[in-house]
There are 2 protein chains.
Amino acid sequence: MRQVVRAYLEQAGFRVIAVGDGPSALHAFRRERPDLIVLDLMLPGMDGFEICRTIRRESGVPIIILTARVEEEDRVVGLELGADDYITKPFSPRELVARVRAVLRRAQGEVTAPAVIRIGDLTIDLDRREVRVGDREVHLTPTEFELLATMARHPGRVFTRLQLLERVQGVAYEGYERTIDAHIKNLRQKIEPDPKNPQYVLTVYGVGYKLREAE
Amino acid sequence: MRQVVRAYLEQAGFRVIAVGDGPSALHAFRRERPDLIVLDLMLPGMDGFEICRTIRRESGVPIIILTARVEEEDRVVGLELGADDYITKPFSPRELVARVRAVLRRAQGEVTAPAVIRIGDLTIDLDRREVRVGDREVHLTPTEFELLATMARHPGRVFTRLQLLERVQGVAYEGYERTIDAHIKNLRQKIEPDPKNPQYVLTVYGVGYKLREAE
DNA sequence: CAAGACCTTCACCGGATCTTCAAAAGTCCC
DNA sequence: GGGACTTTTGAAGATCCGGTGAAGGTCTTG
């Protein structure tokens, strides 16, 4: 079994260290600091879950549990102990390799999404909540940022004041539509080179506002 | 089916948007920017793999494929298209929830790469759980360390109090969001040269906190 | 089992931000 | 060019938000 897994993973280009019991596994983990661990729960010498727990206490290394235990309970426990994936035997070696790749892909940095929108000189980073004009960072209030971000997710599309209000203060919007105007004004002061002649936040007369599209 | 999945995920504390066909899925994805997508391959109106591929072109959002197709070939293709996990029917809802958590855990934070993070004079060793300012070691409580470590895994990214709370006391968070403020205050006392003018742990007004990026 | 460490909650304060209004300026269409 | 309507703008008062210190509760550890 161990040899099959090793062979397939090496075939796929990975360097593999294989050991045959729990204590050896812990020891090898501490010595080698692998990029990923495939852990068979049925190792002699130590409860598999216990090994998983111990490793998790010491490190965030990706762990794929491989086992004959098919009980739902075991799967849930394994995943909640911090395993990244849980594969039951019999399994396809090709699938194992694909799962190893998927977990590594995610674990080695492929973080969720850049989430950066660029329009002309304007850069909007949704995760960081940062807005830059050229390379000058501008400070926006929460409402201003939310307004800009809302329009930036659909450049060119027109938003009515009501839509913007809802987005900005939640569905339970109530109150003066014109409040949006005030925020738009402040936003323009901050991001427009010439607030009198907006080139980013455009007015759609009689309807609302929209953000210019990237060219 | 959709309702079952929705019910379980909501029960687990997630906010769910459910749609019933391919084009709606793409549309909802673009509009809502979810943290994770559970994708049924058998949606009407569009090939499931095609949807997966399209989303992957636009974003690194975590995707879990859910399907009745049990062929090894399909699994491998799904995972290689960039899916993070592949679950076949019939599946246990509890397992689905556990897998959603596992993928999110990995995607949202726990990047394995660097165990030591340096930001200015601040050094955070995740494996050793040690923090130094300059070469003075500072003692942090478990909660303080967890807070700092969470933000340090994504310097610059903004975390809401709720996200931090969840991370610090597990998914079953409950209680006062502003508890976080107290920990932040204590953390600042320990690591900031001038706690009144933080240069590491920054407040994002109306949203939460973030850690300064390394320059 | 008791001391100490740690966590949670609360209420108050000052500052940041939001809302509202009315006047001024602009736009549209005949 | 003019009337009706819409948007812009500045300012002021109201509101919201984060920082803080203290008090009490809970968990850990010897």
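Values reported hereafter were calculated over all heavy atoms of this structure, with side chains retained and with hydrogens, waters and symmetry mates removed. Each chain gets a letter, A, B and so on, in the order its sequence line appears, and its residues count up from 1.
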**Q** If we count only N and O atoms by modelled type, under 3.5 Å, do the side chains of R75(A) and T67(A) hold a donor and an acceptor together?
**A**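 No, no side-chain donor-acceptor contact under 3.5 Å.
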**Q** With a 4.0 Å cut-off on heavy atoms, is V168(A) in touch with a base, just the backbone sugar-phosphate, or nothing at all?
**A** nothing
**Q** Do R33(A) and F29(A) form a cation-pi contact, if we require the NZ or CZ to be under 6.0 Å from the six-membered ring centre and within 45 degrees of the ring's axis?
**A** yes
**Q** Between E146(A) and R129(A), does any NZ, NE, NH1 or NH2 come within less than 4.0 Å of an OD or OE carboxylate oxygen?
**A**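 Yes, charged N to carboxylate O under 4.0 Å.
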**Q** Between dC17(D) atom C1' and I180(B) atom CD1, what is the distance in whole Å?
**A**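 The distance from CD1 of I180(B) to C1' of dC17(D) comes to 16 Å, rounded to the nearest Å.
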**Q** Treat primed atoms plus P, OP1 and OP2 as sugar-phosphate and everything else as base, then score nucleotides 24-29 of chain C 5' to 3': B for base contact with protein heavy atoms under 4.0 Å, S for sugar-phosphate contact only, - for none.
**A** --BBS-
**Q** Can a donor-acceptor pair under 3.5 Å be found between the side-chain atoms of R178(B) and the base atoms of dG19(D)?
**A** yes
**Q** Out of dT20(D), dC21(C), dT7(D), which has the shortest distance to the side chain of D181(A)?
**A** dT7(D)
**Q** Which residue, T141(A) or H139(B), contacts DNA chain C at a nucleotide closer to its 5' end, judged by nearest heavy atom?
**A**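 Looking at DNA chain C, the more 5' nearest nucleotide goes with H139(B).
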**Q** Could you tell me the separation between the CZ atom of F145(A) and the C1' atom of dC18(C), rounded to a whole number of Å?
**A** 18 Å
**Q** OP1 or OP2 of dG18(D) sitting under 4.0 Å from any side-chain N/O of T203(B)?
**A** no
**Q** If we check side chain to side chain donor-acceptor pair (under 3.5 Å) with D181(A), which of these qualifies: H183(A), R178(A), K185(A)?
**A** R178(A)
**Q** Where along residues 182-190 of chain B does a heavy atom fall under 4.0 Å from DNA chain C?
**A** A182(B), H183(B)
**Q** Establish, from distance only, whether the side-chain atoms of R99(B) and S92(B) form a donor-acceptor pair under 3.5 Å.
**A**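 No, no side-chain donor-acceptor pair sits under 3.5 Å.
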**Q** Figure out the CD/C1' separation between E177(B) and dC7(C), and round it to whole Å.
**A**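 So the CD-C1' distance, E177(B) to dC7(C), works out to 17 Å.
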**Q** Rounded to the nearest Å, what distance is computed from the CG atom of residue L140(A) to the P atom of nucleotide dA16(C)?
**A**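 One finds 16 Å between P of dA16(C) and CG of L140(A), rounded.
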**Q** Rounded to the nearest Å, what distance is computed from the CG atom of residue L162(A) to the P atom of nucleotide dT6(D)?
**A**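 Result: 15 Å.
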**Q** Do the charged groups of D194(A) and R188(A) touch, with an N to O distance under 4.0 Å?
**A** no
**Q** Is T143(A) touching bases, backbone alone, or none of the nucleic acid, heavy atoms closer than 4.0 Å?
**A**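 Contact class for T143(A): sugar-phosphate only.
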**Q** Any Lys/Arg nitrogen of K190(A) or E144(A) sitting under 4.0 Å from an Asp/Glu carboxylate oxygen of the other?
**A**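 Yes, K190(A) and E144(A) are salt-bridged.
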**Q** Quick check on dC7(C): is either OP1 or OP2 less than 4.0 Å from any side-chain nitrogen or oxygen of T179(B)?
**A** no
